[in-house]
Amino acid sequence: MSEPLRIGLVAEGITDKLVIESAIESLLKGRSFILRLLQPEESLPLGLELPSVSHGNGWGGVYLWCQGVKERNDGRLDGDILFSQYDILVIHLDADVAGKRYSDCGIQDESSDLPCEEACPPPSASTDRLRTVMLRWIGEDTNPRNVVLCTPSKSCETWVIAALFPDDAVMARQGWECHPKPESRLGTKPKANRVTKSKVGYESIQNRICEAWPRLRTELSEADRFSTEFEAALAIQ
């Protein structure tokens with residue numbers, strides 16, 4: 001029996017981890033895996049400890065985590081010690097970060113690469129630029145082969161709504177990946193079907209997201225991009 005695939009995840013928060021974990025479960029088609037949330041930091045079992053500092057939730061935490069990794073590795077992510085313990089590293093940012101400023105998180109950064117938001121559609125107009133920003137954060141010009149960027153447009157809640165409520169008329173009218181605040185749609189559903197954006201709430205829908213993922217990647221460009229790039233990273237393991 002092969003060893004479980006070891007995946008490290010850098011994300012904005014725990015609910016994002018649960019959505020991404022559901023997608024990965026679908027993509028692995030029954031292969032066992034271990035997914036560890038490196039940022040925001042969660043407890044790790046013995047044998048998987050890495051030098052780390054808690055940076056909190058949100059995209060600012062992702063930025064600070066990236067800076068910390070670069071500082072311990074001569075300004076680059078590639079070759080870092082974490083790749084001795086993880087087969088694949090997934091780095092997540094919601095695409096709405098493209099509309100933010102570093103000062104929004106109290107970050108001083110000399111670059112002027114944020115904001116980088118473009119008109120949507122197409123979603124890729126913003127996500128392509130955001131991915132360039134993410135590469136700078138990790139000190140790379142191109143994506144390392146075992147690193148997968150995950151940039152749902154405008155947020156992971158787009159994937160949640162599409163999985164649970166594929167007939168949502170507001171999302172369809174505004175463009176599924178262009179609705180500026182998909183999270184707002186969660187609270188509009190009938191009480192019996194409503195899902196709260198919380199660890200418990202998202203754990204309860206993971207199976208539904210996993211089952212819907214093949215459909216989502218045919219309908220949502222960033223879901224397909226994440227899937228394709230994850231499969232490419234998987235192929236070289």
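Here, residue 1 is the first one in the sequence, and each next residue gets the next number.
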Inset, instruction - Might you work through the salt bridge (charged side-chain N to carboxylate O under 4.0 Å, His left out) test for Arg6 and Asp87, ending with a clear yes or no? - result: CA-CA 5 Å; Arg6 303 167 303 170; Asp87 303 305; 3.1 Å; yes

Inset, instruction - Give the intermediate values and the outcome of side-chain contact (heavy atoms from CB on, under 4.5 Å) for residues Glu219 and Trp176. - result: CA-CA 9 Å; Glu219 298 174 350; Trp176 276 91; over 6 Å; no

Inset, instruction - Evaluate the criterion side-chain contact (heavy atoms from CB on, under 4.5 Å) for residue pair Leu35 and Glu25; output intermediate values, then yes/no. - result: CA-CA 10 Å; Leu35 178 66; Glu25 183 177 356; over 6 Å; no

Legend entry - Chi angles and distances behind the salt bridge (charged side-chain N to carboxylate O under 4.0 Å, His left out) call for Glu229, Arg131: CA-CA 13 Å; Glu229 295 184 0; Arg131 288 159 74 92; 2.6 Å; yes

Inset, instruction - Using the side-chain contact (heavy atoms from CB on, under 4.5 Å) rule, take Leu164 and Ile205 through it: C-alpha gap first, then chi angles, then the decisive distance, then the call. - result: CA-CA 8 Å; Leu164 273 56; Ile205 60 173; 3.8 Å; yes

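Two residues are said to be in side-chain contact when any heavy atoms from C-beta on lie closer than 4.5 Å; His179 and Val170 meet this criterion. Between Leu28 and Phe230, the closest side-chain pair of non-hydrogen atoms falls below 4.5 Å. Using a 4.5 Å heavy-atom cutoff, the side chains of Ile81 and Arg72 are in contact. Ile7 is listed as a side-chain neighbour of Leu5, based on a closest heavy-atom distance under 4.5 Å. The shortest side-chain heavy-atom distance between Ile34 and Pro4 falls under the 4.5 Å cut-off. Between Tyr202 and Ile14, the closest side-chain pair of non-hydrogen atoms is not below 4.5 Å. Counting heavy atoms from C-beta outward, Lys100 and Pro115 have side chains that stay 4.5 Å or more apart. By the 4.5 Å heavy-atom criterion applied to side chains, Leu93 and Trp137 are counted as neighbours.
Within 6.0 Å of CG in Asn207 there are 12 or fewer heavy atoms belonging to other residues, nucleotides or ligands. The environment of Arg31 atom CZ is dense: over 12 non-hydrogen atoms of other residues, nucleotides or ligands sit within 6.0 angstrom. Counting non-hydrogen atoms of other residues, nucleotides and ligands closer than 6.0 Å to CZ of Arg101 gives a total of 12 or fewer. In this structure, Asn193 places its CG atom where more than 12 heavy-atom neighbours from other residues, nucleotides or ligands lie under 6.0 Å away.
Side-chain polar atoms of Ser155 and Glu183 form no donor-acceptor pair below 3.5 angstrom. At a cut-off of 3.5 Å, with distance as the only test, no side-chain donor of Ser22 or Arg208 sits close to an acceptor on the other residue. In summary, the side chains of Glu222 and Thr151 do present a donor paired with an acceptor at a separation below 3.5 Å, with no hydrogens or angles considered.
Residues Pro144 and Ile138 approach most closely at CD-CD1, 4.4 Å, considering heavy atoms. Taking every heavy atom of both residues into account, Gly13 and Asn57 meet most closely at CA-OD1, 4.3 Å. The two atoms that bring Leu130 and Ala95 nearest to each other are CD2-CA, 3.8 Å, heavy atoms only. The two atoms that bring Val90 and Cys150 nearest to each other are CG1-CB, 4.1 Å, heavy atoms only. Minimum heavy-atom separation, Ala11 to Leu37: CB-CD1, 4.0 Å. What you find for Ala162 and Leu220 is that their closest heavy atoms are CB-CD1, 3.8 Å.
For Ser198 (side chain) and Gly201 (main-chain N/O), a donor-acceptor pair under 3.5 Å exists by modelled atom type. At least one donor-acceptor pair under 3.5 Å links the side chain of His92 to the backbone N or O of Glu12. Of the possible polar contacts, one joining the Ser126 side chain to the Glu118 backbone as a donor-acceptor pair under 3.5 Å is found.
One finds no salt bridge joining Asp168 and Arg173 here, because no Lys/Arg side-chain nitrogen approaches an Asp/Glu carboxylate oxygen to under 4.0 Å. Lys154 has no carboxylate O lying under 4.0 Å from a charged side-chain N of Glu177, or vice versa, which leaves the two without a salt bridge.
Residues that satisfy the ring pair (Phe, Tyr, Trp, His ring centres under 6.0 Å) test with Trp213, not counting sequence neighbours, are Trp159. With sequence neighbours left out, Lys199 forms a salt bridge (Lys or Arg N to Asp or Glu O under 4.0 Å) with Glu203. With sequence neighbours excluded, no residue satisfies salt bridge (Lys or Arg N to Asp or Glu O under 4.0 Å) with Glu21. Shown here are the salt bridge (Lys or Arg N to Asp or Glu O under 4.0 Å) partners of Arg76, two or more places apart in sequence or in another chain: Asp78, Glu140. Taking Tyr102 as the reference, Tyr63 meet the ring pair (Phe, Tyr, Trp, His ring centres under 6.0 Å) condition, with sequence neighbours excluded.
The cationic group of Lys189 lies under 6.0 Å from the six-membered ring centre of Phe165 and within 45° of the ring axis, placing it in a cation-pi geometry.
How far CG of Asp16 is from CG of Asp94: 5.0 Å, rounded to the nearest 0.5 Å. Distance OG/Ser26 to CG/Leu216: 9.5 Å, rounded to 0.5 Å. Here Leu114 contributes atom CG and Ile107 contributes atom CD1; the two are 9.0 Å apart, rounded to the nearest 0.5 Å. Atoms CD1 and OG, on Ile161 and Ser184 in that order, are 8.0 Å from each other to the nearest 0.5 Å. Distance check: Leu234 CG to Asn146 CG gives 12.0 Å after rounding to the nearest 0.5 Å. In this structure, the separation between CG on Asp80 and CG on Leu82 is 4.5 Å, given to the nearest 0.5 Å.
The list of disulfide (SG to SG under 2.5 Å) pairs with a residue in residues 164-237, not counting sequence neighbours, reads Cys120-Cys178.
Remark: of the listed residues Leu77, Leu9, Leu38, Leu77 is the sole one forming a side-chain contact (heavy atoms from CB on, under 4.5 Å) with Ile91.
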